[in-house]
Amino acid sequence: KFYTNISSVPPLQFLNASRSAWETFGKLAGCHVGEKVDGLSKLKHYFRRFGYISTAVDNFTDDFDDVLQSAISTYQKNFNIKVTGKLDASTLRQIVKPRCGNPDMIDGTSEMNAGKKFRTTER
Amino acid sequence: YSFFPGKPRWPNRKRDLSYAFVPQNNLTDEVKRVFARAFTRWAEVTPLNFTRSESLVDADIVIGFFTGEHGDGEPFDGAMGTLAHASSPPTGMFHLDGDEDWLISETKISRRILPVTSVVDLESVAVHEIGHLLGLGHSSVEDAIMYPAISGGDRKVELARDDIEGIQVLYGGNPNGDGGLQTSRQTSGGAESGVDW
């Protein structure tokens, strides 16, 4: 559907705003390595979809393993979120945002955050 | 900014690119004008020109709205989630999720409404995907067009310095323009590209 201005958007569209393809990830807040939580396998699929997990395996487990932790850390780096390797609130807020379907990483590599250099000045 | 592996780009002989819309979508002229504006933003800072074609066969870039599985192995997922995807050069495949509610207005939405709307600004997504069609990957610079995420209702259509630097690595600047960097939005973080302007 196309809307020419915001006033033509029906109220239902506003009510549905919080419904996202990835809204279930919100309940994973606070998960950490060693835990097994329903929904983590879906999150692993998300990270594979965008290139953060490169395995061809389809049957992901709900274990918070090293592979997931590594994927989260790389994701946090790419989106300028403090790198903790944990599913903290700021990381989940970013994950559930609508986004481009192209992967951030291809064949396990990414230059997404490579071009950013910080200059320091000696006083 | 980043590039696809191998840094693919349109060949030197291809500076005039044509684009066509999938006829089954029956898009109005108003919607097509949104894409024309998006192409213009990239044309202003590169030597590339974009022309609309009525022929799918002859067009370099084909634009279409699709839902769910649509034949390229990258199914869309309904409202929100993934919004669109595009191929690297020289494939020219630009797909948008037909399940989204697209806003085609040029006006910015009130910040009061922003957090509660699931409507997505079409031109913002179009400018981003055209970046992919020309060879850019995603950027970590949040102000950049090539940043991968956009909030519902947000509108971001002006190329940032990061976008312009990236695209000009691939194609150089517009010989008839100022390179775009004078008028580009300043991005935070002090990004450096090492490119000699």
Side-chain angles (χ1 to χ4, degrees), chain A residues 1-25 42 45-46 49-52 74-81 91 93-121, chain B residues 1-5 27-28 30-31 34 74 76-88 95 97 100-105 107 109-110 113 115-120 122 125 128-129 132 137-142 146-153 162 165-166 189-194:
Chain A
K1 297 183 201 72
F2 297 101
Y3 297 98
T4 50
N5 63 61
I6 199 70
S7 59
S8 63
V9 179
L12 194 61
Q13 253 55 34
F14 292 100
L15 291 173
N16 284 342
S18 61
R19 286 174 54 191
S20 147
W22 304 312
E23 66 178 349
T24 54
F25 294 152
K42 193 180 170 197
H45 278 285
Y46 173 97
R49 167 85 178 73
F50 296 109
Y52 292 90
T74 310
Y75 181 88
Q76 289 169 329
K77 180 177 174 245
N78 277 348
F79 284 88
N80 306 309
I81 300 166
T91 306
R93 263 199 308 275
Q94 184 65 48
I95 286 173
V96 299
K97 274 187 187 174
R99 57 160 291 157
C100 171
N102 283 35
D104 301 330
M105 300 175 70
I106 299 171
D107 298 331
T109 58
S110 170
E111 293 178 342
M112 189 173 154
N113 210 354
K116 199 174 180 183
K117 299 185 182 79
F118 293 98
R119 212 185 322 216
T120 56
T121 306
Chain B
Y1 56 86
S2 71
F3 305 109
F4 291 96
L27 299 176
T28 63
E30 200 172 12
V31 174
V34 174
E74 301 289 347
F76 284 123
D77 50 10
M80 309 304 270
T82 53
L83 307 171
H85 53 236
S87 60
S88 57
H95 295 169
D97 190 344
E100 305 297 343
D101 295 307
W102 296 101
L103 187 68
I104 54 174
S105 162
T107 52
I109 301 172
S110 155
I113 298 173
V116 293
T117 179
S118 60
V119 180
V120 181
L122 179 59
V125 174
H128 176 97
E129 298 304 329
H132 286 316
H138 285 150
S139 170
S140 284
V141 177
E142 197 168 352
M146 296 314 293
Y147 188 75
I150 187 166
S151 296
D162 185 70
E165 287 179 352
E192 272 184 356
S193 73

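No hydrogens, no waters, no symmetry mates; every other heavy atom, side chains included, goes into these values.
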J.: Got a sec, which residues hit side chain to side chain contact (heavy atoms under 4.5 Å, CB included) with B/L27, two or more places apart in sequence or on another chain?
T.: A/F2, B/F21, B/N25, B/V31, B/K32, B/F65
J.: Which residues satisfy the salt bridge (Lys or Arg N to Asp or Glu O under 4.0 Å) test with B/D97, sequence neighbours excluded?
T.: none
J.: Need one label for B/F3: side chain, backbone, both or neither, based on atoms under 4.5 Å from any heavy atom in chain A.
T.: both
J.: Find the distance between OG (B/S2) and CE (A/M112) and round it off to the nearest 0.5 Å.
T.: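 Rounded to the nearest 0.5 Å, the OG-CE separation comes to 7.5 Å.
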J.: Find out whether A/D104 and B/P148 are in side-chain contact, i.e. whether some heavy atom of one side chain is under 4.5 Å from a heavy atom of the other.
T.: yes
J.: Do the side chains of A/R49 and B/T82 get nearer than 4.5 Å, heavy atoms only?
T.: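 B/T82 vs A/R49: side chains touch.
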J.: Any chance you could lay out the side-chain contact (heavy atoms from CB on, under 4.5 Å) test for B/E129 and A/N102, step after step, and finish with the verdict?
T.: CA-CA 9 Å; B/E129 298 304 329; A/N102 283 35; 4.2 Å; yes
J.: Taking all non-hydrogen atoms of both residues, which atom of A/T4 and which atom of B/L103 are closest, and how far apart?
T.: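 In terms of heavy atoms, the two residues are closest at C-CD1, 4.4 Å.
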J.: Rounded at 0.5 Å granularity, tell me how far CD1 in A/I106 sits from OG in B/S88.
T.: 7.5 Å
J.: Is A/Y46 close to chain B through its backbone or its side chain, or both, or neither, when contacts mean heavy atoms under 4.5 Å?
T.: neither
J.: Going by the side-chain contact (heavy atoms from CB on, under 4.5 Å) test, name the single residue among B/M80, B/H128, B/H138 that passes it with A/R99.
T.: B/H138
